[in-house]
Student: 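Once you've had a glance at the structure underneath, I'll fire off some questions.
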Amino acid sequence: MVADVDFWLTQFLNGLQLSMLLFLLSIGLTIIFGLMHFVNLAHGALYMVGAYAGVSAAAALGNFWAALLIAPIAVMLVGIFLYAAIIRHMRRAGPMNQVLVTFGLIFVIVDLVRIVWGDIALGMAQPAILSGPAEFLGVVYPAYRLFIIAVGLIVMAALSLVLSRTQIGAMVRAGVENDAMAACLGINVERLFFAVFCVGCALAGLAGAIAAPVFSATPSMATDILIPTLIVVVIGGLGSLRGAIAGSLIVGFIQTFGAVVMPEFASVLVYVLLAAVLIVKPAGLLPARS
Amino acid sequence: MFHQTPLKTFTVAAVIAALALYAILGGYFPREIVIEIALLAILAVSLDFVAGYGGMVSLCHGAIYGIGAYAFAGMTAIGGYDTVTATLVALAAAAAFGLFVGAVAANITGIFFIMATLAFGQMAYVVVFESRALGGDDGLSGIARYDLSAIGIDMNDSLQFALFCLAVVVIAYAAAAYVLRSTFGRTLSGIHSNEDRMRALGLTAWRHKAVAFSFSSMLAGAAGILAAQHTQFVSPELLVWTVSGEVLIVVILGGLGTLAGPIAGAALLVLLKHKIGAYTEHWHLVIGLFLVAAVMAGGRGVYGQIEYWLRQRAGRRADA
């Protein structure tokens, strides 16, 4: 079985799919981190809210695609509320206090979700067009999982284009490089941060909604996804798109292939990698600031 | 810098006395709560030692707690050693792990230090979880409690065990306070306020931080030894990172960098948990709101805020 090419190709696709979900989450986190030095541990909780919003929207409207549109918007609204109520006031409070406030927010959001939706895992139907198996390079693979990979790649390409080719992208990069200097040059860094924060929340909601048909929506997904996402951000380097891409591919593949090759120590591998990166190259593999 | 102020002495004495009274007058359940508070208080003191006075916010203190518990459990339940040897080995194991983490992560700062400790803590968790010799996720049972019948203490009695745990809290606090008042502790505070300056003065800062982390880990290991004896059962759940997160919450609620505050914080968190838990299963919601409010109100914690008010009043009186 181990020598089977199809088997490895399937594992490769599994790894890619996990990487794409991690990417959708980590890109928002890393830019917020890099642009405003703001540590938002509640990002995983927003992913969970996205999954539940997707489940409810799909059940109410009977339409998967509408749910895919509504979930990110709903999560963005939650994000805007959090920004106005809490995050805006914590901007200059230092990383330690930000970690603690957003850590408290995880508890609050998870319990609110449990009150509204209950403790049971909620499933979400895949759209009919994506529900069957598909063939990819001669391997039979669920079409829906290929769709997740495609969404991740599209977002990746779109963000790369926006960040490298547009004026907004240039402003974001300038803000990450040196926010004080960017402000001196007339960029409203706070407004830019708010816009980036909204996009980050929407992407977390999108990730939650597209993950829900595969993994179901559960209250534990908020903390389950948080640690891998933070690891991606730290390994890749704060504030860097390329870092988030590289980090999510590395973590996604290590987790997937580690689980196949050495199941007992798959999860330890990622932590070993994290510790190694922190010791050898604390700024991450591809840091935004040179 | 640490000063054993009368307010600190009073707070520790009052909290310990109140808990002792609660254990003596209450039945089995209040005693269990007191033991839970005592274990959390020792952990919180050990975390505050490094986080509040050394600037090293650790998310692996839960793992170190678990290492202490597992070392004690393994030595007594599997190895068949006596409890004294097991205690020494468990303290040494916790201190050695802390020394390793402290030495490797000493030059990492801020959020990256937190992530590094998270990584090492989770490594320990996975190793224990996957280890067949240590029972894997089934855990280990059949752990002996201390035999103190020679001095007339019956550790199998829930009241006497609870009082013993409170005594260890006092010992842990006194040990941490003693070290903080020594030259070593003053140097640690110096590193916290300006590491470059201490290096310029000729100090090998990383070695100092590693030893401080090791000492703190030894205290966390002591809490683990008591935890293993309390339930006479250990499971990998002791090592998971959320335990460290809870300890961090206790330290913040009580007051980071006050040493006495975290003991009050432990009592506050556990009592809140049980009081609210009696009405609703959503006690995390209340704790979460409490934490958000505490940090947004200035992040001094309950004890830290009182200390701050008193100091301001004293300052005003001195001005007038």
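A note on names: the letters A, B, ... follow the listed sequences, proteins ahead of strands, and every chain is numbered from 1. These figures come from a predicted structure and were not determined experimentally.
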Student: Check whether more than 12 heavy atoms from other residues, nucleotides or ligands sit under 6.0 Å from atom CZ of Arg207(B), and answer yes or no.
Tutor: no
Student: Carefully, step by step, assess Met296(B) and Ile86(A) under the rule side-chain contact (heavy atoms from CB on, under 4.5 Å).
Tutor: CA-CA 8 Å; Met296(B) 288 188 76; Ile86(A) 291 165; 3.9 Å; yes
Student: For the side chain to side chain contact (heavy atoms under 4.5 Å, CB included) test, which of Val272(A), Leu274(A), Val270(A) pairs with Met123(B)?
Tutor: Val272(A)
Student: Counting C-beta onward and ignoring hydrogens, is there a side-chain heavy-atom pair between Ile115(A) and Leu285(B) closer than 4.5 Å?
Tutor: yes
Student: Using heavy-atom distances under 4.5 Å, tell me whether Val101(A) contacts chain B through its side chain, its backbone, both, or neither.
Tutor: both
Student: Starting at CG of Leu118(B), measure out to CD1 of Ile227(A) and round the result to the nearest 0.5 Å.
Tutor: 4.5 Å
Student: Could you check whether atom CZ of Phe215(A) has more than 12 heavy atoms from other residues, nucleotides or ligands sitting under 6.0 Å from it?
Tutor: yes
Student: Quick one: what part of Ala85(A) sits under 4.5 Å from any heavy atom of chain B, side chain, backbone, both or neither?
Tutor: backbone
Student: So for Val57(B), is it side chain, backbone, both, or neither that comes closer than 4.5 Å to the heavy atoms of chain A?
Tutor: side chain
Student: Any side-chain heavy-atom pair from Phe103(A) and Ile249(B) closer than 4.5 angstrom?
Tutor: yes
Student: May I ask you to test the Phe112(B)-Leu238(A) pair for a side-chain heavy-atom distance under 4.5 Å?
Tutor: yes
Student: Can you find a pair of side-chain heavy atoms, one from Phe33(A) and one from Ile111(B), that are under 4.5 Å apart?
Tutor: yes
Student: Below 4.5 Å, heavy atoms only, C-beta onward: do Val295(B) and Met90(A) meet side chain to side chain?
Tutor: yes
Student: Restricting to pairs with a member in residues 274-288 of chain B, which pass salt bridge (charged side-chain N to carboxylate O under 4.0 Å, His left out), not counting sequence neighbours?
Tutor: Arg114(A)-Glu281(B)
Student: Can you tell me which portion of Ile109(A) sits under 4.5 Å from chain B's heavy atoms? Options are side chain, backbone, both or neither.
Tutor: neither
Student: Please round to the nearest 0.5 Å and tell me the distance separating atom CZ of Phe107(A) and atom CD of Glu246(B).
Tutor: 7.0 Å
Student: Can you name the closest pair of heavy atoms from Phe120(B) and Ala275(A) and give their distance?
Tutor: CZ-CB, 3.8 Å
Student: Sort Val108(A) into side chain, backbone, both or neither according to what part of it lies under 4.5 angstrom from a heavy atom of chain B.
Tutor: both
Student: Which region of Leu289(B), side chain (C-beta onward) or backbone (N, CA, C, O), has a non-hydrogen atom less than 4.5 Å from a non-hydrogen atom of chain A, or is it both or neither?
Tutor: both
Student: Of the backbone (N, CA, C, O) and the side chain (C-beta and beyond), which part of Val268(A) lies under 4.5 Å from a heavy atom of chain B, both, or neither?
Tutor: both
Student: With respect to chain B, which residue among Thr223(A), Leu100(A), Ile106(A), Ile231(A) yields the maximal number of heavy-atom pairs within a distance under 4.5 Å?
Tutor: Leu100(A)
Student: Looking at every non-hydrogen atom in both residues, tell me the closest pair between Val104(B) and Ile279(A) and how far apart they are.
Tutor: CG1-CD1, 2.8 Å
Student: Name the option with the most non-hydrogen atom pairs under 4.5 Å to chain A; the candidates are Trp241(B), Phe290(B), Phe129(B).
Tutor: Trp241(B)
Student: Heavy-atom distances under 4.5 Å only: say whether Leu226(A) touches chain B with side chain, backbone, both or neither.
Tutor: side chain
